[in-house]
Amino acid sequence: MNPSEIDYASTSPSYFDLSTGEVLVDGETSASEDHGWIVPIGMLLRSPDLFVEPGNYFYERLNTKEWSPDQFKAFARWIGQVIEPPENLNSKKVTVGTFRNAHRLGLGPSERTVQREYGGYSKLYADAQLEGVQTRKLFDDWSIDDVIAYLKKIGNGSTPTRPQLAARQRKDPNNPGHKYLHERFHDIGGFNKLLELAGYPVVRLWEKPDYVDWGVRFMLANGGKKPTSSMINYLSLQEKGPSFPAVAGHFDSLPNFQAEVAAHYYERRDEEEAARQEQFAQLDSEFSDGTLPLMLFSPFAYDSPDAAFTESVVNTLYDCEQPCSRIIAALGERETIIRYAKFQVLRSVAPNMTDETKIKIARNIDQGRGFIAAIRRKRMYDHLTPADIESEALFLGVFDFIWPVDGYMDSLKLDKGYEEFLKKQSTYKSQLRAAKKNLSHTQV
């Protein structure tokens with residue numbers, strides 16, 4: 001039978017004819033003359049070697065666009081029934097690879113379809129009540145922005161703890177655990193760094209360099225202001241930084257802390273400027289080699305009515321000995337470097353994508369998920385996960401340009417609440433002085 005005719009409620013042994021793409025239930029015969037091609041579906045789903053090049057499919061893809069939630073759940077339960085048990089008793093019976101194999105055989109929806117239409121494999125696992133499933137890679141579809149938003153949501157003003165995340169995952173596998181998050185984002189500092197980016201610094205684990213790093217981010221968020229004792233205490237009360245006594249305990253005095261922070265602040269600015277200049281030097285080099293399409297940096301709308309005329313104008317605009325300077329003047333440093341950074345990642349993860357498509361994606365100035373989603377919308381690259389794309393950006397040294405890890409710019413920026421805090425502090429001090437004065441008069 002055609003895969004679209006599978007009865008997912010059936011528990012009969014099922015086979016797959018590799019030569020025709022037919023599904024055979026126990027007792028049926030195949031139109032294929034070579035019956036050596038007929039293999040138990042459960043064995044194929046378990047196979048680690050069932051690989052199809054991205055964008056190429058040996059068998060017709062199953063149309064699941066009209067599937068209801070019940071059909072997704074029935075499909076998942078069927079997978080759990082027909083797959084052969086693992087040889088290693090410590091291995092999980094069902095993994096994401098199981099469902100990928102089913103899709104490659106034309107037996108079920110793609111990973112992207114499950115994510116878009118159902119909310120992801122973890123939700124499907126829970127709703128279908130599957131047992132013995134692997135959840136380790138379910139959250140590779142989450143970008144760093146998704147993770148930070150999740151931590152902020154469950155924190156709700158208080159620092160999310162490891163036991164809290166573990167309890168939520170046990171209750172609902174649609175939630176990631178702290179171990180996975182730590183391993184996935186190890187390159188940027190792991191779980192503690194994610195907490196910090198979500199606005200929950202883990203001060204009790206800090207060492208001296210962590211305090212300095214916090215002070216540097218404070219100065220970046222507040223236009224170069226050095227943190228004072230009142231500023232430190234205000235943010236500490238909001239669980240956004242260390243207390244002043246903790247700072248004084250590590251640095252002996254506030255001036256010592258401020259001096260060390262300021263030195264690292266200027267060093268950090270110099271390093272970021274050096275990284276930008278390195279990108280611009282590389283950009284100039286690629287222009288000299290003729291390896292970069294000038295339309296990537298067009299200040300005009302990409303799909304203008306007369307594309308040929310627009311391209312000729314752009315070529316004229318940047319036809320000089322220093323095109324990089326012209327581009328920066330036309331677009332600004334930030335947009336120039338983001339476009340170039342995205343184009344580098346696209347060349348690496350999507351080498352067969354046309355330059356026109358790469359340019360359209362790279363020119364979208366929206367950061368974060370917009371860039372990843374634009375890549376994965378292309379059928380040939382829908383197998384890529386945010387983790388794949390982010391890792392490549394880290395390898396190329398452009399991660400911070402595309403996804404600037406600057407959540408601290410909001411969480412550490414002094415707001416109107418600080419002014420109210422100062423007023424209360426002033427009122428409290430006045431009342432304390434008055435009380436001491438009255439006490440002295442009374443004693444006299």
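As the structure is a computational prediction, the values presented were derived from the model and not from experiment.
Under a 3.5 Å cut-off, the side chain of Tyr211 and the backbone N or O of Phe251 do not form any donor-acceptor pair. A donor-acceptor pair is defined here as one N or O able to donate and one able to accept, closer than 3.5 Å; no such pair exists between the side chain of Glu392 and the backbone of Ile389. Using modelled atom types, one side-chain atom of Thr291 and one backbone atom of Glu286 make a donor-acceptor pair closer than 3.5 Å. Between the side chain of Asn222 and the backbone N or O of Leu412, at least one donor-acceptor pair lies under 3.5 Å. Distance alone, capped at 3.5 Å, is enough to place a donor-acceptor pair between the Lys358 side chain and the Met353 backbone. At least one donor-acceptor pair under 3.5 Å links the side chain of His264 to the backbone N or O of Glu260. The backbone N or O of Pro209 sits nowhere less than 3.5 Å from a side-chain atom of Asp213 that would complete a donor-acceptor pair. Side-chain N or O atoms of Asp210 include one that pairs as donor or acceptor with a backbone N or O of Glu207 at under 3.5 Å.
The two residues Asn101 and Leu44 come nearest to each other via the heavy atoms ND2-O, 3.3 Å. Contact between Pro293 and Asp355 at its shortest, heavy atoms only, is CG-OD2, 4.5 Å. Nearest heavy-atom pair, Tyr265 versus Gly224, reported as atom, atom and distance to 0.1 Å: OH-CA, 3.6 Å. Considering all non-hydrogen atoms of both residues, Lys342 and Ala362 come closest at CD-O, 3.6 Å. The shortest heavy-atom contact between Lys413 and Ala221 is CG-O, 3.7 Å. Closest non-hydrogen pair, Val261 versus Gly215, comes out as CG1-C, 3.3 Å.
The CD atom of Gln277 sits 11.5 Å away from the CG atom of Asp270 when rounded to the nearest 0.5 Å. Atom OG1 of Thr357 sits about 11.5 Å away from atom CD1 of Ile375, to the nearest 0.5 Å. Put simply, CZ on Arg363 and CE on Met295 are 6.0 Å apart, with the number rounded to the nearest 0.5 Å. To the nearest 0.5 Å, the span separating CZ on Phe218 from CG on Leu414 amounts to 4.5 Å. Atom CG of residue Asn256 and atom CD of residue Gln258 lie 9.5 Å apart, to the nearest 0.5 angstrom. Separating the CD atom in Gln71 from the CH2 atom in Trp78 is a distance of 14.0 Å, to the nearest 0.5 Å.
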- Walk me through it: do Val345 and Phe399 pass the test side-chain contact (heavy atoms from CB on, under 4.5 Å)? CA-CA 9 Å; Val345 173; Phe399 182 94; over 6 Å; no
- Message: Between Glu420 and Lys424, does the salt bridge (Lys or Arg N to Asp or Glu O under 4.0 Å) criterion hold? Intermediate values first, please.
- Response: CA-CA 6 Å; Glu420 294 297 321; Lys424 289 180 181 179; over 6 Å; no
- Do Leu181 and Leu165 pass the side-chain contact (heavy atoms from CB on, under 4.5 Å) test, and can you show the C-alpha distance, the side-chain angles, and the key distance before you say yes or no? CA-CA 10 Å; Leu181 295 178; Leu165 264 70; 3.9 Å; yes
- Task: Decide yes or no on side-chain contact (heavy atoms from CB on, under 4.5 Å) for Ile402 and Phe371, but give the supporting numbers first.
- Result: CA-CA 9 Å; Ile402 302 173; Phe371 177 54; 4.0 Å; yes
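Contact check for Leu235 versus Tyr418: no side-chain heavy atoms found under the 4.5 Å cut-off. The shortest side-chain heavy-atom distance between Ile232 and Pro245 does not fall under the 4.5 Å cut-off. Taking 4.5 Å as the limit, every side-chain heavy atom of Thr113 sits out of range of all side-chain heavy atoms of Trp67. With contacts defined as side-chain heavy-atom distances shorter than 4.5 Å, the pair Ile372/Glu390 qualifies. No side-chain heavy atom of Phe343 sits under 4.5 Å from any side-chain heavy atom of Leu283. Looking only at side-chain heavy atoms (C-beta outward), His250 and Trp206 stay at 4.5 Å or farther from each other. Counting only heavy atoms from C-beta outward, the side chains of Leu237 and Phe421 approach each other to under 4.5 Å. Using a 4.5 Å cut-off on side-chain heavy atoms (C-beta onward), Tyr234 and Thr228 make no contact.
Within 6.0 Å of atom CD in Glu273, more than 12 heavy atoms from other residues, nucleotides or ligands are found, so the atom counts as buried in its surroundings.
Proximity of the aromatic rings of Tyr340 and Phe401 is defined here by a centroid distance below 6.0 angstrom, and this criterion is not met.
Between the side chains of Gln279 and Gln344, a donor-acceptor pair is found at a separation under 3.5 Å. Side-chain N/O atoms of Gln282 and Glu278 include no donor and acceptor closer than 3.5 Å.
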